[in-house]
Structures are given as C-alpha cells and as structure tokens.
Amino acid sequence: MEGRSEMAAAGAETVETASQRAELQAVLRSQDFVRAPRLAHLLSYLCEKLFAGEAHQIKEYSIALEVFNRAPSFDQESDSIVRVEANRLRKRLADYYSGAGASHALQITIPVGQYVPRFELRRTAPEERELAAPPESAFVQNSRKGLPWFIGAGIAGLVIAAVGTTYMLTRHRVEERTTAPTNGAQLQADSPDGHFGPPAGEEIRILAGASRSLVDHAGKLWSADVGFTGGAAVKSSVLHIGRTLESGFYRTSRQGQFRYDIPLKAGLYELRLHFAETVYGPDATGTGGEGNRLMTVKANGQTLLKHFDVVGDAGASGMADVKVFGGLQPASDGTVHLEFSGEDGRPAMVSAIEILPGLKGHIRPVRVLARQSPYYSNDSHWWSPDNYFEGGQLATYAQEVTGTDDPELYETERWGNFSYAVPVTPGRYSVVLHFAARHSRPGEPTSETADLVSNVFNVFCNGRALLSNFNVVSEAGKTDVVVKRFSGMEPNAQGKLLLSFVPVVGHATLVGLEVLPERKEQ
C-alpha cells in the first residue's frame with residue numbers, strides 16, 4: 001500500500017481523479033460501508049484499479065484471486081462469489097445514495113454485468129438504468145430459515161421486488177426497414193399501461209438440486225434449491241451446455257418423482273422451466289438420448305407438458321431447453337404447486353424454475369444482445385445478455401457506428417454460422433433483427449479509412465426464408481445500422497422461434513434480436 005501511495009503522490013493527479021478519490025473516501029467512511037468491510041475492500045480495489053489506468057485488468061478471475069483469495073484454479077462457472085458480492089455492492093451503493101449520500105454531486109455506480117466503476121454526476125431526476133438484481137423473495141428467505149411455507153406466504157404478500165422502471169420514449173429511434181404487419185396485427189405494449197419496461201412484482205428463481213445461490217450474467221439472483229418434496233439432487237460433470245451462457249446452472253437438477261410448492265402473492269405470472277439432459281445421450285447410450293426420459297409436468301393440477309422428452313424438444317442432449325407458460329396464478333391456498341412425474345419407470349427432472357410477473361394475454365417481450373452483460377437502450381428497454389444461441393462467436397468493436405442515437409447498443413455482435421431458439425407461447429410475433437456494417441473483421445485492427453467488410457448470408461425462421469443473400473453493407477447505405485422487422489411469425493411444434501443465420505460469403509452476423517408479441521385489432 002505504501003508503494004502505491006508513493007506512486008500516486010509522484011504522479012500528477014488530475015482534478016477529476018482527485019474529486020473521484022474524494023468521493024470514494026466519503027463512501028468508505030460512511031456507516032453503510034464501515035459495517036461492510038468486505039464490500040468496502042471490493043469497492044476500493046475496483047476504484048484503485050481505475051485510478052491507476054488498469055481498468056482493462058478488472059476481470060472476474062482477477063477479482064476472485066486478488067480480493068477474495070481464490071486459488072488460481074478458480075472456476076467462475078461453478079463459483080459465483082464475484083457476481084454475488086458485486087451484486088451486493090451495487091445494492092449497498094444504491095442504498096447509500098438514496099440515503100446519506102443523496103446530496104453528493106458525484107456518485108459511484110457499478111453497471112450490471114460489469115465490474116469497472118463509473119463516477120457519474122447526480123441528475124435532478126435520475127434515470128435508474130442500472131438495476132441490481134432483486135433480493136431473494138420472502139419465500140426463499142424463509143425457506144432458508146426453515147420457517148413454514150404459510151408464514152413465508154404471509155411475508156411474501158408484503159414484499160414486491162423492483163424488477164424494472166417504466167419510461168416514456170423520449171428519443172427518436174433508428175429508422176427501421178420493416179415488413180408491414182398483416183391482418184391488423186399490432187405489437188403488444190411491454191406492460192398493460194402502455195409504458196416501457198417489464199411489469200413489476202415478485203420474481204422467484206430456483207436452481208433445482210443446487211446447494212448454493214448463484215448470480216447470472218444479467219445480475220439476477222438464483223436461490224439454492226428450496227420448496228421441493230421428493231426427488232434427489234443430481235450433479236453432472238458435463239462441462240458445456242449449449243444455448244446458454246450459464247452452463248453451471250444446468251449441471252445440477254432435481255430428478256425422480258417430486259413436486260415444488262411455491263407461495264406467491266395473488267396476480268398473474270409467467271412460468272419458465274429450464275431443462276438440460278445430461279444423463280442420456282451418445283456417450284451413455286451409444287446412439288442418442290431421445291426416448292430415454294419422458295415426463296409429465298403439472299401446475300396446480302393442470303397439465304403443462306405430457307410425454308415430454310427433453311432431448312427431443314431441445315434437439316440434442318447437453319442443450320439448454322426452456323419452456324414458457326403464461327397466465328400462471330397461485331391456487332386458492334396462495335401457492336403454485338408444480339408436479340414432475342416420470343414415465344415408464346424413469347425419473348422426471350428439472351434444472352431450474354423461474355416465475356416472473358406476467359402480462360395479460362401474452363408473454364413478456366424478449367430482447368437479446370450478443371454480449372455477456374445486460375443493457376438498457378436509449379429508449380429504456382431492457383436487453384438481456386446473449387441467450388438461446390448455438391454456434392458462432394462474440395466480437396466487440398471499438399469504432400462507433402453511425403445512424404443511431406444509441407451506438408453503444410451496436411458495440412458487439414455474434415458472427416459465424418449460428419442459430420437462436422427463442423422459447424415462446426402459441427401466438428403470432430414480430431421478430432426484429434439488428435445488424436451493423438463494420439470496417440474490420442473480428443480481431444482485426446479498426447481503421448476508419450478501410451472499406452466496409454462485406455458478408456453475405458441467409459436468415460431463416462423455422463425454415464422460412466426471411467433474408468436471402470443479405471448483405472449488411474449494401475443495405476446500410478449512408479449509415480452503418482440496419483434494422484429488419486418481420487411480422488406474423490409463429491412458433492414451431494417445440495414452442496420455439498428457431499432463427500438460423502447461414503453464411504453464403506464470409507460470415508453471418510447479428511447485433512441483437514427482439515421477439516415482440518402481436519395482437520389483432522378489436
């Protein structure tokens with residue numbers, strides 16, 4: 001520490017850095033952080049790295065080793081300590097700046113999905129763009145304490161986790177080249193009142209078979225296994241799970257004949273069941289995994305899945321498979337009862353259970369960016385980190401694109417030969433695809449004078465051609481950004497919108513995608 005102080009004193013510290021350091025010291029001296037030395041140490045480490053010009057060294061791995069004394073063998077997929085503590089730090093900073101530090105002109109934030117701190121000037125009416133993961137629900141907290149579920153249910157009625165902030169659209173959007181909606185189809189608003197953002201309410205995320213909580217790339221907290229009766233916790237040694245950034249989530253599961261009883265406040269919810277077959281497959285059977293595990297799943301006595309085959313639905317073993325169900329409500333006893341029954345003497349299974357505030361008549365809109373962290377766009381929409389993908393690679397570009405008031409949205413892309421299998425409920429959807437023309441290929445130096453890179457590829461949705469011999473450069477014209485919209489898309493028999501990006505010349509590319517429910521005019 002003395003050496004670092006001497007180095008800092010020897011250098012010419014800017015006025016900006018001096019004010020940032022003063023704010024850091026004010027935060028660290030506050031009772032909020034004096035009582036939380038572990039979080040204070042993490043915040044100090046992150047800020048000192050930034051002050052030293054070493055922000056590029058702030059990585060999950062280095063934080064684990066240097067702050068939390070993990071061994072060099074640290075595996076971030078199986079040990080989420082950095083994400084858990086960063087999430088606690090975000091919440092502690094938010095509490096501080098809503099209390100003792102509310103009047104500070106300069107405030108420290110840690111963007112969700114990132115670890116490099118930001119020093120931002122306080123606004124008169126702050127826009128809460130970066131949300132910490134919601135706290136554990138009352139059900140999860142009380143399950144940990146061993147309290148009866150009906151006590152947890154009573155407490156849960158008093159708890160509403162903030163999961164989004166609604167905004168009105170205040171900035172012009174990219175001019176979109178669209179396919180006009182047919183049959184009077186209109187996009188559903190993101191929430192019933194027509195505002196933007198996900199509906200507010202309690203969120204429950206349970207990792208089946210897991211012994212500890214984890215935080216995902218979106219900053220969302222998933223609890224260890226709770227609320228179950230029967231079955232057994234099973235852990236898999238499979239390293240890679242397709243169609244997800246969260247392979248660690250699918251290495252545990254609950255298997256057998258079992259149920260979950262989850263207290264919920266009255267309301268409308270969206271249920272997401274996560275599966276991945278890690279037992280049956282070519283390595284175990286010598287052929288494939290289809291037909292080796294069939295199951296029935298019920299919610300409050302209503303059948304959701306019958307003769308369900310995870311491998312048959314996902315298309316392969318070792319592949320994340322998500323099933324979505326809208327309109328879920330707790331039973332008359334204030335509880336959602338989920339039953340998992342295996343068929344033909346084989347055990348049922350589930351990897352994770354997710355219950356989110358729902359929307360009447362349709363599921364929540366899906367927005368996915370090809371990056372490893374979430375993002376709030378300038379029109380105040382929440383974009384999740386990359387999900388549902390298979391194949392291809394991620395690339396990040398330093399050069400800012402033109403033709404949009406939100407160039408940060410277009411900093412990354414997935415490229416190669418890849419697909420996305422987006423889970424939806426029956427209905428019609430608009431699919432919006434975002435592309436950007438680039439002056440370099442992934443991994444190559446960027447030059448503003450270089451010609452735009454020409455890639456030609458096809459895009460299909462459930463086998464239907466959406467774009468043929470598509471060239472982003474040709475479509476872009478005077479700007480770098482191209483947005484394509486297609487209406488009337490319906491899911492396949494597996495409840496997926498399977499979007500395939502197939503190269504013709506070079507590679508296929510994609511910045512992000514939106515899947516937006518449609519409704520018909522009354």
Side-chain angles (χ1 to χ4, degrees), residues 1-30 33 36-70 72 74 76 81-83 85-90 92-94 96-97 101 104-123 129-130 132 217 219 371-376 385 394-401 406-412 439-440 442-448:
M1 291 297 296
E2 292 180 359
R4 178 177 290 181
S5 299
E6 292 172 0
M7 291 175 62
E13 190 172 70
T14 65
V15 173
E16 180 182 28
T17 301
S19 63
Q20 292 175 350
R21 190 180 295 279
E23 178 60 23
L24 170 63
Q25 293 306 314
V27 172
L28 296 178
R29 287 194 300 267
S30 70
F33 282 84
R38 186 180 176 101
L39 297 182
H41 178 44
L42 174 58
L43 179 62
S44 179
Y45 169 86
L46 298 176
C47 290
E48 289 298 338
K49 280 286 189 182
L50 180 67
F51 298 152
E54 299 173 353
H56 63 285
Q57 296 181 11
I58 301 177
K59 305 293 184 183
E60 186 170 349
Y61 181 81
S62 59
I63 296 172
L65 270 62
E66 297 179 27
V67 178
F68 301 113
N69 299 316
R70 288 302 198 260
F74 170 73
Q76 63 190 44
I81 185 172
V82 177
R83 279 173 276 162
E85 294 302 316
N87 182 60
R88 292 181 59 221
L89 176 57
R90 293 185 191 99
R92 185 60 61 101
L93 285 170
Y96 173 71
Y97 286 117
H104 291 204
L106 194 63
Q107 300 186 350
I108 307 173
T109 63
I110 311 290
V112 174
Q114 303 177 36
Y115 302 112
V116 178
R118 292 182 182 176
F119 289 80
E120 299 179 339
L121 294 176
R122 178 173 61 87
R123 301 173 181 174
R129 286 177 175 267
E130 290 141 3
H217 284 77
R371 63 176 66 185
Q372 294 195 22
S373 59
Y375 183 70
Y376 264 110
L394 292 179
T396 302
Y397 299 87
Q399 186 173 356
E400 194 171 280
V401 298
D406 194 0
E408 189 176 350
L409 181 74
Y410 293 86
E411 285 181 346
T412 60
H439 289 270
S440 64
E444 294 180 351
T446 300
S447 171
E448 294 185 5

Hey, could you give me the CD/CD distance between Gln20 and Gln25, rounded to the nearest 0.5 Å? 13.0 Å
Say you draw a straight line from CZ of Phe68 to CZ of Phe74; how long is it, rounded to the nearest 0.5 Å?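 Phe68 atom CZ to Phe74 atom CZ measures 9.5 Å (nearest 0.5 Å).
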Residues two or more places apart in sequence or in another chain: which of them pass side-chain contact (heavy atoms from CB on, under 4.5 Å) with [X]?
| X | value |
| --- | --- |
| Ser62 | Tyr45, Lys59, Glu66 |
| Ala22 | none |
| Ala40 | Leu28, Phe33 |
| Pro117 | Leu46, Cys47, Leu50, Ile58, Ile108, Ile110 |

Do [X] and [Y] have side chains that get closer than 4.5 Å, going by heavy atoms?
| X | Y | result |
| --- | --- | --- |
| Leu93 | Val27 | yes |
| His56 | Lys49 | no |
| Leu106 | Glu120 | no |
| Arg371 | Glu411 | yes |
| Val82 | Leu42 | no |

My understanding is that only residues two or more places apart in sequence, or in another chain, count here; which of them pass salt bridge (charged side-chain N to carboxylate O under 4.0 Å, His left out) with [X]?
| X | value |
| --- | --- |
| Arg88 | Glu85 |
| Arg29 | none |
| Glu400 | none |
| Glu23 | none |

Ring pair (Phe, Tyr, Trp, His ring centres under 6.0 Å) involving [X] - partner list, sequence neighbours excluded:
| X | result |
| --- | --- |
| His41 | none |
| Tyr96 | His104 |
| Phe119 | Phe51 |

Should Glu48 and Arg21 be marked as a side-chain contact (heavy atoms from CB on, under 4.5 Å) after you check the CA-CA gap, both sets of side-chain angles, and the distance that decides it? CA-CA 9 Å; Glu48 289 298 338; Arg21 190 180 295 279; 2.9 Å; yes
If I compare all heavy atoms of [X] with all of [Y], which pair ends up nearest, and what's the gap?
| X | Y | answer |
| --- | --- | --- |
| Ala86 | Tyr115 | CB-CE2, 3.7 Å |
| Pro385 | Gln372 | CB-C, 3.8 Å |
| Arg70 | Leu65 | O-CG, 3.4 Å |

Are any side-chain N or O atoms of Tyr61 and backbone N or O atoms of Pro72, one a donor and one an acceptor, separated by less than 3.5 Å? yes
Would you please say whether a donor-acceptor pair under 3.5 Å links the side chains of Tyr375 and Asp406? yes
Test of understanding: with side-chain hydrogen bond (donor to acceptor under 3.5 Å, both in side chains), list the residues that count as partners of Arg83, not counting sequence neighbours. Glu60
